[in-house]
Trainee: 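Sharing a structure here in structure tokens format.
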Amino acid sequence: MDTRFAMTVKNWTPPTSLEIKQLRIANDLTQAKAAHLCRIGLKTYQKWESGDASPSQSAWTIYQFELQAKKLGFFSLEHLVEDVENNLNK
């Protein structure tokens with residue numbers, strides 16, 4: 001199996017419900033917008049913040065990438081990827 005592009009990290013510890021909520025608030029997001037960025041439903045996101053569930057590593061990674069794309073001035077991760085692809089094709 002080719003593991004060069006593996007997204008999982010052994011011994012990954014999901015963020016706490018407090019960390020999840022603090023990150024959302026620090027980025028001025030509603031729970032609905034945060035859920036959208038994570039590619040999950042609102043109820044699932046609310047379970048994360050209440051501590052009734054923990055994020056999967058993949059959903060949390062996508063969320064982190066989305067937030068980073070926004071900090072770089074892109075509308076979304078998809079727009080950042082499109083920009084990179086366009087620059088590579090020049």
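Side chains are part of it too, since the values below use all heavy atoms of this structure and drop only hydrogens, waters and symmetry mates.
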Trainee: Is there a donor-acceptor contact under 3.5 Å from the side chain of E49 to the main chain of S17?
Mentor: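 Such a contact is absent between E49 side chain and S17 backbone.
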
Trainee: Working to the nearest 0.5 Å, report the span between CZ of R24 and NZ of K21.
Mentor: 6.5 Å

Trainee: Mind listing the closest non-hydrogen atom pair of L42 and A32 along with its distance?
Mentor: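 In terms of heavy atoms, the two residues are closest at CD1-N, 3.7 Å.
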
Trainee: Which atom names give the shortest non-hydrogen contact between C38 and A59, and what distance separates them?
Mentor: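 In this case the closest contact between C38 and A59 is O-CB, 4.0 Å.
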
Trainee: Would you call Y63 and L29 a side-chain contact if the rule is heavy atoms closer than 4.5 Å?
Mentor: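 The answer is yes, as the side chains (C-beta and beyond) meet within the 4.5 Å cut-off.
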
Trainee: Taking all non-hydrogen atoms of both residues into account, name the closest pair between S56 and W48 and its distance.
Mentor: N-CZ2, 4.3 Å

Trainee: State, to 0.1 Å, how close E19 and T16 come at their nearest heavy-atom pair, and which atoms those are.
Mentor: OE1-N, 2.7 Å

Trainee: Given side chains that start at C-beta, do those of W60 and F65 come closer than 4.5 Å, heavy atoms only?
Mentor: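 W60 vs F65: side chains apart.
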
Trainee: Quick check against the 3.5 Å criterion: does T44 have a side-chain atom that pairs as donor or acceptor with the backbone of I40?
Mentor: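 It does not hold such a pair.
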
Trainee: Is there a path of hydrophobic side-chain contacts, each under 4.5 Å between heavy atoms of I, L, V, M, F, W or Y residues, that connects I62 with L72?
Mentor: no

Trainee: Crowded around N87 CG? As in, over 12 foreign heavy atoms under 6.0 Å?
Mentor: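 Atom CG in N87 is crowded, with more than 12 foreign heavy atoms closer than 6.0 Å.
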
Trainee: Is K70 reaching over with its side chain to a backbone N or O of F75, donor-acceptor style, under 3.5 angstrom?
Mentor: yes

Trainee: Just by distance, do the side chain of N27 and the backbone of L23 share a donor-acceptor pair under 3.5 Å?
Mentor: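 Answer holds: yes.
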
Trainee: Rounded to the nearest 0.5 Å, how far does CG of N89 lie from CD of E85?
Mentor: 7.0 Å

Trainee: Between F74 and V84, is there shared hydrophobic-cluster membership here, with clusters defined by ILVMFWY side-chain heavy atoms closer than 4.5 Å?
Mentor: yes

Trainee: As an exercise, state the distance from OH of Y45 to OG of S50, rounded to the nearest 0.5 Å.
Mentor: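 Nearest 0.5 Å value for the OH-OG distance: 11.0 Å.
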
Trainee: Does the side chain of S76 come within less than 4.5 Å of E66's, by heavy atoms?
Mentor: yes

